[in-house]
Asks: 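The structure is given below, and queries will be raised subsequently.
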Amino acid sequence: MSGQKHAIGIDIGGTGIKGALVDLDSGELVSDRVKLPTPEGGKPDDIVETTKKIVDQLAAEEPDAPVGVCFPAIVSHGVTLSAANVSKKWIDLRAEDLFEKGLGRDIHFVNDADAAGYAETRFGAAKDRDGLVIMTTLGTGIGSALIYDGVLIPNAELGHLEIDGHDAESRAAYSAKEREDMSWEKWAKRLQKYYSTLEFLFTPDLFIVGGGVSKNYQEFLPLLDLKTEIVPAVHRNNAGILGAAALATKG
């Protein structure tokens, strides 16, 4: 598998499912990005069927390309233990098996924040960085990934740390900024508390901030006072696709 030059990455989200063929050396997309809406209700069989359409289209170009799929849930040994913005039927589901059966091929199945973190390690802000990197995606919630010396440590759910009696993401996610109509300055105070807590608990070497809001990083990252370097993610929209593809060659 390691001699593989291209892989298919699929990123399943609450509103859209997107995929592309990825060059594993450069992290460039070597096909058009294919995107279909996530089926209403987000039920397992419907999502697998939509995913199959995308994989079949991409595999027409390279039938032997390995496939990686990232998904918005806690994933342990191919089982989805939670469900964010999709049907509750995913909880405790043997999702990897379901996808493999539906797609008729082996896949590598991973959490979406882990995939994004891995993409930054292979092709982005954490490339060639040693030590502990913490990637956080600020969106509806806070997704997180831990990478140590280039190795992904899966299933970190650091958005759910309890800070001052609250689930951290309920106060510091980008959705909280929008919901409460906070200024960048006010939101940055919430982020300050969040990242200071992570800093205290983990002493990381680098923070990477992803999610759609990271394109406005100059509005809020300079307001944070941390010992740790904090940088915006390089790959925002395609991070899930790139990470899923890069992880596809891992089994």
Asks: Among pairs that include at least one residue of residues 38-52, which meet salt bridge (Lys or Arg N to Asp or Glu O under 4.0 Å), considering only residues two or more places apart or in two chains?
Replies: Lys52-Asp56
Asks: Which hydrophobic side chains are connected to Leu81, either touching it within the sub-4.5 Å cutoff or through other members that do?
Replies: Ile74, Val79
Asks: Between Thr121 and Gly150 (side chain of the first, backbone of the second, donor and acceptor by atom type, cut-off under 3.5 Å), is there such a pair?
Replies: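 A pair under 3.5 Å: no.
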Asks: Would you call the rings of Phe71 and Trp90 parallel, tilted or perpendicular, where under 30° means parallel and over 60° means perpendicular?
Replies: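 Phe71 and Trp90: tilted rings.
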Asks: Please name the pair of heavy atoms, one in Gly102 and one in Val48, separated by the smallest distance, quoted to 0.1 Å.
Replies: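 Gly102 and Val48 have their closest heavy atoms at CA-CG1, 3.8 Å.
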Asks: Which other residues belong to the hydrophobic cluster containing Phe123, where Ile, Leu, Val, Met, Phe, Trp and Tyr are joined when side-chain heavy atoms lie under 4.5 Å apart, directly or via other members?
Replies: Val22, Leu29, Ile241, Leu242
Asks: Name the atoms and distances for all side-chain donor-acceptor pairs under 3.5 Å in residues 220-231, with sequence neighbours left out.
Replies:
residue: Thr228; atom: OG1; partner: Glu199; partner atom: OE2; Å: 2.7
residue: Glu229; atom: OE1; partner: Arg129; partner atom: NH1; Å: 3.3
residue: Glu229; atom: OE1; partner: Arg129; partner atom: NH2; Å: 3.1

Asks: Can you give me the closest heavy-atom contact between Ala20 and Arg33, atom names plus distance?
Replies: CB-CA, 4.3 Å
Asks: Would you list the pairs meeting salt bridge (Lys or Arg N to Asp or Glu O under 4.0 Å) in which at least one residue belongs to residues 148-165, sequence neighbours left out?
Replies: Asp164-Lys193
Asks: Enumerate the side-chain hydrogen bond (donor to acceptor under 3.5 Å, both in side chains) contacts for residues 170-189, please, sequence neighbours excluded, ordered by first and then second residue.
Replies: Glu180-Arg190
Asks: Tell me, please, which residues at least two apart from Asp114 pass side-chain contact (heavy atoms from CB on, under 4.5 Å).
Replies: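 Asp114 satisfies side-chain contact (heavy atoms from CB on, under 4.5 Å) with Val110, Asn111, Ala145, Leu152, Pro154, Asn155 only.
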Asks: How would you list, by chain and number, every residue that makes a ring pair (Phe, Tyr, Trp, His ring centres under 6.0 Å) with Phe207, sequence neighbours excluded?
Replies: Tyr195
Asks: Can you name the side-chain contact (heavy atoms from CB on, under 4.5 Å) partners of Lys127, sequence neighbours left out?
Replies: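 For Lys127 there are no side-chain contact (heavy atoms from CB on, under 4.5 Å) partners, ignoring immediate neighbours.
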Asks: How is the hydrophobic cluster of Leu24 composed, in terms of its other members, when Ile, Leu, Val, Met, Phe, Trp and Tyr link through side-chain heavy atoms under 4.5 Å apart, directly or indirectly?
Replies: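 Hydrophobic cluster check, Leu24: no partners found.
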Asks: For Leu36, does its backbone N or O pair with a side-chain atom of Lys53 as donor and acceptor, under 3.5 Å?
Replies: no
Asks: Would you say the side-chain atoms of Thr137 pair up with the backbone N or O of Gly143, donor to acceptor, closer than 3.5 Å?
Replies: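 Between the backbone of Gly143 and the side chain of Thr137 there is a qualifying donor-acceptor contact (under 3.5 Å).
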Asks: Closest approach of Gly19 and Leu58, non-hydrogen atoms and distance?
Replies: C-CD1, 3.6 Å
Asks: Tabulate below the donor-acceptor pairs under 3.5 Å that side-chain atoms of residues 60-69 make, not counting sequence neighbours, or state none.
Replies:
residue: Glu62; atom: OE2; partner: His6; partner atom: ND1; Å: 2.4

Asks: For the backbone of Pro232 and the side chain of Ser214, can you confirm whether one donor and one acceptor N or O come within less than 3.5 Å of each other?
Replies: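 No: the side chain of Ser214 does not pair with the backbone of Pro232.
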Asks: If you compare all heavy atoms of Ser82 against all heavy atoms of Ala73, which two are closest, and at what distance to 0.1 Å?
Replies: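 Looks like O-CB, 3.2 Å.
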Asks: With sequence neighbours left out, what residues match Asp25 under side-chain contact (heavy atoms from CB on, under 4.5 Å)?
Replies: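 Lys5, Asp23.
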Asks: Could you tell me whether a side-chain N or O of Glu120 sits under 3.5 Å from a main-chain N or O of Ala125, the two making a donor and an acceptor?
Replies: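 Yes, Glu120 side chain to Ala125 backbone: donor-acceptor pair under 3.5 Å.
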